[in-house]
There are 2 protein chains.
Amino acid sequence: MERLQPVRRDATVADVAKRAGVSKAQAARALGNYGAVSDDVRERVLAAAQELDYRPNELARTMNTGKSHTLGVVVGDIENPHFGLLMRGISDTAKRAGFDVILVNTGEDVTIERDAVQVLLDKRVDGLIVAPASSLETEHLRRVYESGRPLVLVDRQAQGVPAEVMAVDMTSVAFASTRHLLEQGHTRIAFVSTIDSGEPYRPGIRLHSSQIMERLTGMEQAFGQAGLSLPPDLVRLNAGNADSIRRITRDLLAGSNPATAIVASDGLIALSVVEEIQALDLDIPGEVSILMYDDFPWTRLTTPPLSVIAQPVYDIGAAAAKTVIARISGRVQVPATPAFEATLILRGSIGVPPSALPEAAAS
Amino acid sequence: MERLQPVRRDATVADVAKRAGVSKAQAARALGNYGAVSDDVRERVLAAAQELDYRPNELARTMNTGKSHTLGVVVGDIENPHFGLLMRGISDTAKRAGFDVILVNTGEDVTIERDAVQVLLDKRVDGLIVAPASSLETEHLRRVYESGRPLVLVDRQAQGVPAEVMAVDMTSVAFASTRHLLEQGHTRIAFVSTIDSGEPYRPGIRLHSSQIMERLTGMEQAFGQAGLSLPPDLVRLNAGNADSIRRITRDLLAGSNPATAIVASDGLIALSVVEEIQALDLDIPGEVSILMYDDFPWTRLTTPPLSVIAQPVYDIGAAAAKTVIARISGRVQVPATPAFEATLILRGSIGVPPSALPEAAAS
DNA sequence: GTGAAAGCGCTAACAC
DNA sequence: GTGTTAGCGCTTTCAC
């Protein structure tokens with residue numbers, strides 16, 4: 001009951017060695033080109049390998065050396081072009097240095113992130129780049145650090161994890177953009193974010209995302225500098241889905257003291273906010289001003305085009321990759337973490353609030 | 001010159017066994033829970049594992065069993081939300097079945113795709129899902145098939161590769177949407193695609209992307225049914241970057257016999273096309289009608305909202321995952337490949353061409 | 001230069 | 001139930 005050729009097993013070093021008439025060790029040396037090998041042997045071995053269509057078993061190789069020439073990347077939401085671009089920055093840099101990149105998506109779920117990190121570690125990636133779902137729940141990241149495998153964080157901090165963080169300083173750009181809004185005459189400035197806090201905003205609240213914390217801090221500072229304070233009722237967290245965002249938008253724009261400007265924490269939020277504003281038949285920027293985080297191509301297409309806060313996402317990815325690779329290579333002199341700057345790009349969606357217009361001022 | 005604790009080596013089965021006072025084999029059985037183990041032994045082993053913080057070396061495990069409980073995914077452009085959504089469909093399904101998913105991006109480059117597939121194969125993924133960069137250069141995919149590892153294709157066919165393809169039938173929706181445009185009175189219908197053909201379009205041309213082929217076929221059929229033929233001068237391939245797309249758009253809209261409708265092959269193209277139309281100060285849909293492939297949220301935000309051809313991308317991903325997993329599990333009865341249908345979603349960007357309006361007709 | 005042999009951490013066949 | 005013993009495919013001493 002035997003097959004003639006069980007499944008055409010892949011050729012191994014031993015097979016190649018036999019065919020070339022040399023020892024396994026010599027074949028391995030020629031194949032992996034290390035150690036000392038005579039030209040004659042090398043030639044015969046490579047020829048044999050060719051004929052047998054030999055492909056090294058990377059798993060076995062990794063098991064011995066501990067190196068896989070692979071970077072692991074963990075992100076929250078690959079559907080967000082933000083991460084797509086980040087990924088390209090990482091991939092391009094990694095490829096140039098001879099590293100492969102594998103990605104795992106977490107849906108911004110810390111539990112899944114924990115598993116993802118473990119999976120990657122189990123696959124023996126040489127280094128890890130993580131955009132942490134939470135800046136507070138970070139034991140699993142601390143463990144990566146303790147395992148000694150290089151880890152670089154992107155976008156967000158992670159409390160208690162002594163790893164480099166490649167991220168924009170959101171505080172200053174939030175400050176600058178809020179000041180701009182204040183200068184236009186806005187004081188009722190709203191901020192809408194999906195960030196899941198479990199409770200409504202109050203000054204001094206602690207959030208999972210260091211990015212959002214920074215944005216709020218920047219806003220608070222700008223208000224403070226103007227002798228005002230950020231209206232707590234206009235900061236809306238937990239804006240989970242399109243429906244809730246639209247409801248929040250309606251709410252912000254209703255009543256006797258509505259918001260005159262809305263800052264959307266990401267593209268998806270801006271989308272629903274603008275949709276609701278259109279549904280309410282309000283004018284942008286005549287009646288409501290809009291500012292959103294991240295600069296996506298489509299923001300130039302809306303009427304009016306959206307003002308945005310752009311981040312050098314590709315560069316952040318590239319820098320992250322460069323740094324993990326430097327660490328992997330054992331370089332002591334790791335490239336200094338660059339300071340990334342976000343920039344406010346003014347398009348048509350920010351204007352003067354109705355209350356500040358001449359005719360309104362007269363009343 | 002010895003360290004007291006060289007690097008705190010990870011605990012292995014042997015360590016656990018020693019600590020629990022049993023043989024390696026028994027420890028392994030308890031840990032991997034297979035074979036027969038007495039309650040007493042199991043308890044001691046698990047306790048020892050706990051104390052030593054034992055984590056199985058998945059690499060070693062994979063080397064022995066040949067299984068990694070991991071799906072490999074290869075896509076062309078992760079920046080495109082299309083693939084992001086596809087990825088979610090895959091991940092959700094895989095996770096539910098206990099599989100991890102790792103992704104490699106190729107930038108639509110066949111050479112990189114070849115490497116990516118090899119990397120994944122080297123990592124011994126149990127199955128592969130590939131959105132092939134080319135439907136024509138497919139030897140590497142054929143090799144995957146021959147290696148016996150389950151392979152499922154998404155979005156595009158791959159010539160000579162006998163693997164299931166999860167994709168929408170683009171021909172029929174292209175036919176239907178073109179007929180709709182014809183019924184509105186358009187005959188000068190343009191089609192713009194990034195697809196790299198090396199040469200301009202001519203009827204009967206062979207392209208790398210089966211999807212684009214189908215779209216063109218559908219358009220040709222609709223024209224044929226109307227007793228007309230697709231104007232070859234309006235089919236523009238090789239629209240690589242934003243600049244060239246804008247140049248092409250300008251070109252299509254100039255002259256004495258301009259296009260009255262433009263079909264954009266993807267979101268990025270639509271973006272540049274619309275930008276150029278706005279720059280030319282032409283009215284949509286008064287002077288030019290627009291239709292694009294893929295339904296992204298932002299298409300509802302432009303003025304007017306864009307008519308699109310929507311695909312059930314998430315479902316395609318889910319189905320692909322389900323099928324590879326079925327194959328991996330050796331199920332003979334693999335779920336039948338569902339027929340995915342794209343749908344034409346009419347919004348405001350398609351209208352009657354100027355030439356068909358009463359006043360124009362009078363002239 | 002070259003080869004024999006040990007070992008990476010695990011699973012699996014085979015005895016008892 | 002349990003332990004012994006081979007491997008998996010590769011790298012890496014260590015002799016010669």
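- A straight line from CZ of B:R55 to C1' of C:dC8 spans 19 Å, rounded to a whole angstrom.
- The distance from atom CE of B:M63 to atom P of C:dC8 is 13 Å, rounded to the nearest whole Å.
- With 3.5 Å as the limit, one finds a donor-acceptor pair spanning the side chains of A:Y314 and A:D92.
- Here D:dT5 presents its C1' atom at 14 Å from CG of B:N64, a figure rounded to the nearest Å.
- In terms of modelled atom types and a separation under 3.5 Å, the side chain of A:R29 and the main chain of A:V37 share no donor-acceptor contact.
- The shortest distance between side-chain heavy atoms of B:I328 and B:L71 falls below 4.5 Å.
- Nearest nucleotide to the B:A60 side chain, out of C:dC10, D:dG3, C:dG1: C:dC10.
- Taken over five-pair windows at either terminus, the axes of the helix from C:dG1-D:dC16 to C:dC16-D:dG1 are inclined to one another by 40° (rounded to 10 degrees).
- No hydrogens or angles were tested; on distance alone, a donor-acceptor pair under 3.5 Å links the side chain of B:R29 to the base of D:dG3.
- Side-chain nitrogen and oxygen atoms of A:Q26 include none within less than 4.0 Å of the OP1 or OP2 phosphate oxygen of C:dG3.
- Computed from coordinates, the B:N33 CG to C:dC10 C1' distance equals 15 Å when rounded to whole Å.
- Interface remark: the A:D10 side chain does not form any donor-acceptor pair with the D:dG9 base, using a distance-only criterion of under 3.5 Å.
- Out of C:dA12, C:dC10, D:dT11, the shortest distance to the side chain of B:R61 is found at C:dC10.
- Contact of the B:R44 side chain with the B:V22 side chain is registered, since non-hydrogen atoms from C-beta on lie closer than 4.5 Å.
- The residue among A:A11 and B:V37 whose nearest nucleotide of DNA chain D lies closer to the 5′ end is B:V37.
- Side-chain contact between B:V313 and B:F83: absent, with no pair of heavy atoms (C-beta onward) separated by less than 4.5 Å.
- Nearest to the side-chain atoms of B:A25 among the listed nucleotides C:dG3, C:dG7, D:dT4 stands D:dT4.
- The side chain of A:K24 has D:dT11 as its nearest neighbour among D:dG3, D:dG9, D:dT11.
- Picking from D:dT12, D:dG3, C:dT11 the nucleotide with the shortest atom distance to the side chain of A:T65 gives D:dT12.
- The phosphate of C:dG9 has neither OP1 nor OP2 within less than 4.0 Å of any side-chain N or O from B:T12.
- Between A:Y34 and C:dG1 there is no side-chain N or O to OP1 or OP2 distance below 4.0 Å.
- Side chain of A:S23, nearest nucleotide from D:dC8, C:dG3, D:dC10: C:dG3.
- Between the side chain of B:E113 and the backbone N or O of B:A133 there is at least one donor-acceptor pair closer than 3.5 Å.
- Summarising the geometry, the separation between CG on A:D39 and P on C:dG1 is reported as 8 Å, rounded to the nearest angstrom.
- Within the 4.0 Å cut-off from OP1 or OP2 of C:dT2, at least one side-chain nitrogen or oxygen of A:S38 is found.
- Distance CG (B:D40) to P (D:dT2): 7 Å, rounded to an integer number of Å.
- Atom CD in B:E58 sits roughly 14 Å away from atom P in C:dG9 (whole-Å rounding).
- A 4.5 Å side-chain heavy-atom check between A:L128 and A:V324 finds every atom pair outside the cut-off.
- Rounding to whole angstrom units, NZ of residue B:K123 and P of D:dC10 are separated by 15 Å.
- We find that A:R124 and B:E58 are not joined by a salt bridge, their nearest charged nitrogen and carboxylate oxygen being 4.0 Å or further apart.
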